[in-house]
Amino acid sequence: MDSVNYDKEDFPLIEKDGASINDEYPTHSKSNGSMSIWRMVCLSVYLFGESALNTALVFVLIPYQVRLIVGDNAKSTGLGELSIASTIVAIIVTPIIGYLSDRTYSRFGRRCPWLIAGVACILVGLFLIAVSQQFWLLMVGYFIEQLGTCVVNPYNALLPDLVPEHQRGTAGGIMGSFTMAGNIFGGCMGFLLIKLSLWQVFLLLGVVIASGAIITTVFTHEQDYSDPSIPRDKIEIKKFLVSLITPFKDGNFRNAVLSQVFFILGLNTVAYFLQYFISDVVGSPYKLLGKQVATSADQAVAFFIFPLYLGAVFGAILSGPISNYFGKKAALCVSGPLVMFVIILMNFVPIFTLIVFIGFLAGFGYGMYFSVNNALASLLLPSDKDNAKDLGIRTIATNIPQLIGMPIASIILKAAQAHGHNLGYTFFFILSALFMLIGIFFL
């Protein structure tokens with residue numbers, strides 16, 4: 001797997017006066033040494049569990065439970081309300097946790113203690129979601145699970161902290177591959193609901209994410225920050241608030257965040273309502289080349305996710321050599337429109353067999369976009385002193401779309417569907433493609 005080399009011609013603001021803007025804060029990751037592939041794999045294992053859980057919740061379990069609890073008539077509104085509550089917390093908490101992580105002085109490092117604490121919080125949230133039979137308890141459980149996800153977020157700073165710059169393309173590809181493999185596993189939960197109870201499915205996901213966190217923590221050797229001789233930054237509220245704005249003075253960072261906001265906004269607009277789209281528009285029987293492969297919408301989504309994320313694995317693996325040969329901007333500007341094209345095609349040709357096959361193409365584009373974008377993000381951080389906090393700001397870029405997109409999509413869907421002909425789905429599929437196009441414009 002080849003690494004992705006980022007040239008200053010592509011991102012001129014990375015260098016100032018002949019020196020990298022990060023040279024002011026030299027870190028372990030900027031050393032001339034190398035990280036072994038084994039350590040990169042261990043660093044990435046947690047992502048398998050995290051992505052498996054996220055995919056299972058977003059595509060299968062949360063829509064499934066919302067429909068069970070509130071019924072078909074209120075499912076869109078219920079899903080929108082659930083997302084808004086959790087997203088507001090994520091937007092507020094994520095940069096705070098990142099700021100605290102950058103100022104954590106533990107013998108176990110700055111990131112792994114937050115990883116373990118966050119996963120513990122996630123497990124509590126999963127328990128409440130699993131036993132919920134009322135909508136308010138489902139909301140509380142999802143709120144706690146999302147809070148745990150915010151606490152885990154400093155894990156993402158391990159890439160710029162530990163991986164030398166010349167290997168971040170390779171590391172990004174490995175991390176992307178684990179992420180997409182986890183997505184495939186999470187998508188299979190729709191089929192497991194046939195043989196397992198809802199409680200057993202949540203237990204399995206809890207074991208997977210906890211195991212991944214333990215493996216990553218044990219085999220990831222962070223620096224011991226407990227040494228009193230290490231300079232320590234004080235936690236100051238005023239400086240923290242100022243630091244939320246400072247990174248946006250960097251043009252590359254600002255454009256990268258805006259690109260991610262709009263691209264994820266477009267993606268999530270469709271993703272959260274995919275199960276309902278397959279149920280309401282595609283409809284049963286769910287046949288592939290004439291053979292029935294699913295009996296319900298949640299199973300059909302699970303079947304669709306497999307080729308989607310199989311393509312994403314290939315996209316992630318090939319992201320390095322493709323970026324090196326054609327250029328990183330070219331890779332992003334091709335992979336993004338590929339996903340956009342498939343989303344539009346899905347709406348206007350809602351045939352299950354076609355959706356399954358073109359899902360592979362969408363996955364390939366998504367996997368490449370995700371991997372290259374992650375590696376790029378680690379190189380565009382304005383200051384090594386605030387890696388976790390700045391990555392937290394970028395993470396908000398994935399939460400804002402939920403806060404904006406979910407209520408808009410649910411309102412559009414409910415209002416437009418009243419006019420028949422699946423007008424609501426058509427409108428926000430086109431809106432989704434438009435958001436992605438704006439995101440690509442900022443690259």
Side-chain angles (χ1 to χ4, degrees), residues 54-55 58-59 63 76 79-80 82-84 86-88 90-91 94 183 248 252-278 281 304 308 311-312 315 329-350 355 358-359 361-374 376-377 393-417 422-443:
N54 289 339
T55 298
V58 170
F59 286 98
S76 298
L79 195 60
L82 199 65
S83 176
I84 291 173
S86 61
T87 303
I88 291 175
I91 290 175
T94 300
N183 287 333
F248 290 97
N252 288 313
F253 183 85
R254 182 175 60 251
N255 287 342
V257 170
L258 289 173
S259 175
Q260 188 167 342
V261 166
F262 283 101
F263 192 84
I264 298 297
L265 177 58
L267 197 63
N268 283 358
T269 301
V270 172
Y272 276 88
F273 291 90
L274 182 61
Q275 185 177 135
Y276 300 158
F277 169 76
I278 289 180
V281 180
F304 167 76
L308 177 72
K329 280 188 176 181
L332 292 174
C333 289
V334 169
S335 57
L338 181 60
V339 179
M340 183 178 68
F341 168 75
V342 171
I343 284 178
I344 294 176
L345 188 60
M346 280 174 57
N347 178 70
F348 289 103
V349 191
I355 288 175
I358 64 177
L361 294 177
F364 183 87
Y366 172 71
M368 183 181 299
Y369 186 95
F370 178 87
S371 298
V372 176
N373 194 48
N374 272 0
L376 174 61
I393 293 175
R394 279 184 60 91
T395 300
I396 291 178
T398 64
N399 292 320
I400 289 178
Q402 289 180 243
L403 183 64
I404 299 173
M406 287 292 290
I408 292 176
S410 61
I411 292 171
I412 290 174
L413 181 60
K414 188 173 182 179
Q417 285 297 93
N422 296 310
L423 184 61
Y425 288 106
T426 299
F427 189 85
F428 80 68
F429 267 62
I430 295 175
L431 187 64
S432 169
L434 178 61
F435 285 142
M436 287 186 180
L437 187 63
I438 296 174
I440 295 169
F441 172 79
F442 281 107
L443 288 173

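Remember, predicted model here, so these are calculated numbers, not experimental data. We're numbering straight along the sequence, starting at 1.
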How long is the straight-line distance from [atom2] of [Y] back to [atom1] of [X], given to the nearest 0.5 Å?
{"X": "L308", "Y": "I358", "atom1": "CG", "atom2": "CD1", "value": "10.5 Å"}
{"X": "M340", "Y": "L437", "atom1": "CE", "atom2": "CG", "value": "5.0 Å"}
{"X": "L431", "Y": "M436", "atom1": "CG", "atom2": "CE", "value": "11.0 Å"}

Looking at every heavy atom in both [X] and [Y], which two are closest together, and how far apart are they?
{"X": "Y366", "Y": "A312", "result": "CD2-CB, 4.4 Å"}
{"X": "V58", "Y": "P63", "result": "O-CG, 3.2 Å"}
{"X": "S335", "Y": "G365", "result": "CB-O, 3.2 Å"}

Inset, instruction - Using the test side chain to side chain donor-acceptor pair (under 3.5 Å), find all partners of T55 that sit at least two apart in sequence or belong to another chain. - result: N183

Can you confirm whether [X] sits close enough to [Y] that some side-chain heavy atom of one is under 4.5 Å from a side-chain heavy atom of the other?
{"X": "Y369", "Y": "F263", "result": "yes"}
{"X": "M368", "Y": "L338", "result": "no"}
{"X": "F277", "Y": "I355", "result": "yes"}

Legend entry - Flag, side chain of S259 to backbone of G439, donor-acceptor distance under 3.5 Å: yes

